[in-house]
Amino acid sequence: MNSPDQPLPTFDEVLLCTPQTTAEQVGLFLRRCLIPCSGGEKVYTMLYADELSYDVSCRAEELFQRLQHYNSTYRLVILCNCEREHSYIPSVFSQYKVHMIPQRPLAEIQRYLQHHYRVAQPSSSAASVFKDNMCVGIVSSKRAGVGK
């Protein structure tokens with residue numbers, strides 16, 4: 001986010017973890033991150049890795065230990081909930097832990113995201129529904145189940 005021209009992460013650079021995430025999904029992600037190829041210098045991110053089941057976490061750690069020797073210049077960020085820092089993945093990687101506080105003001109982050117999510121040529125698409133021709137938006141309600 002150092003410049004508005006820096007691209008957003010691509011689908012292969014991010015793994016959003018849930019308790020249902022499988023060992024195969026984590027394995028494919030770690031292989032993309034740790035096995036060198038001509039993919040450039042991507043930054044891979046596992047979000048909510050603390051949500052992985054114990055079995056999946058153990059298998060992920062084993063695979064990480066085996067694969068990290070293939071690539072000494074990998075870029076992997078693992079984001080976890082600080083309230084679950086004693087779950088398996090945060091514990092295993094605790095020696096690399098860095099407590100993060102966003103370094104950019106909220107307005108600057110919003111401008112960066114607006115730059116990337118704005119539809120260039122307004123058309124009769126779903127993007128016209130969202131404010132300022134954004135192709136993404138958040139719809140919320142204080143009342144549950146009212147057809148959002």
Contact between [X] and [Y] at the side-chain level, heavy atoms closer than 4.5 Å - yes or no?
X: L76; Y: F64; result: yes
X: R84; Y: E51; result: yes
X: E108; Y: Q103; result: no
X: I35; Y: L67; result: yes
X: L34; Y: Y74; result: yes
X: R31; Y: L63; result: yes
X: E61; Y: C58; result: no
X: D50; Y: H86; result: no

Can you measure from [atom1] ([X]) to [atom2] ([Y]) and round to the nearest 0.5 angstrom?
X: L30; Y: R66; atom1: CG; atom2: CZ; answer: 10.5 Å
X: R104; Y: Q110; atom1: CZ; atom2: CD; answer: 14.5 Å
X: C80; Y: F93; atom1: SG; atom2: CZ; answer: 9.5 Å

Looking at K97 and E85, is there a salt bridge between them, counting it only when a charged N and a carboxylate O are closer than 4.0 Å?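 Counted as a salt bridge, because a side-chain N and a carboxylate O are separated by less than 4.0 Å.
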Compare every heavy atom of [Y] with every heavy atom of [X], then report the nearest pair and how far apart it is.
X: M46; Y: F29; result: CG-CE2, 3.2 Å
X: E13; Y: K42; result: OE1-CB, 3.3 Å
X: V56; Y: A23; result: CG2-N, 3.7 Å
X: S94; Y: S91; result: OG-O, 3.0 Å
X: C33; Y: N71; result: O-ND2, 3.8 Å
X: I78; Y: A49; result: CG2-CB, 3.5 Å

Transitive ILVMFWY cluster of V43 at side-chain heavy atoms under 4.5 Å: who else is in it?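 Its cluster mates, by chain and number, are V14, L16, L47, Y48, V77, L79.
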Under a single-linkage rule joining Ile, Leu, Val, Met, Phe, Trp and Tyr whose side-chain heavy atoms are separated by less than 4.5 Å, which residues share a cluster with L28?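 None, because no other hydrophobic side chain comes under 4.5 Å of this residue.
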Take atom CD of E83 as the centre, draw a 6.0 Å sphere, and report whether it contains more than 12 heavy atoms from other residues, nucleotides or ligands.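 12 or below, so no.
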Joint cluster assignment, L106 & Y112, ILVMFWY side-chain distance < 4.5 Å: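 Not linked; separate clusters.
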List the steps, then state whether side-chain hydrogen bond (donor to acceptor under 3.5 Å, both in side chains) holds for T10 with D12. CA-CA 6 Å; T10 58; D12 65 327; 2.4 Å; yes
Check against side-chain contact (heavy atoms from CB on, under 4.5 Å), L15 and T45: CA-CA 6 Å; L15 179 64; T45 307; over 6 Å; no
Tell me yes or no: between the side chains of S57 and D55, is some donor less than 3.5 Å from an acceptor?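 There is no such pair between these side chains.
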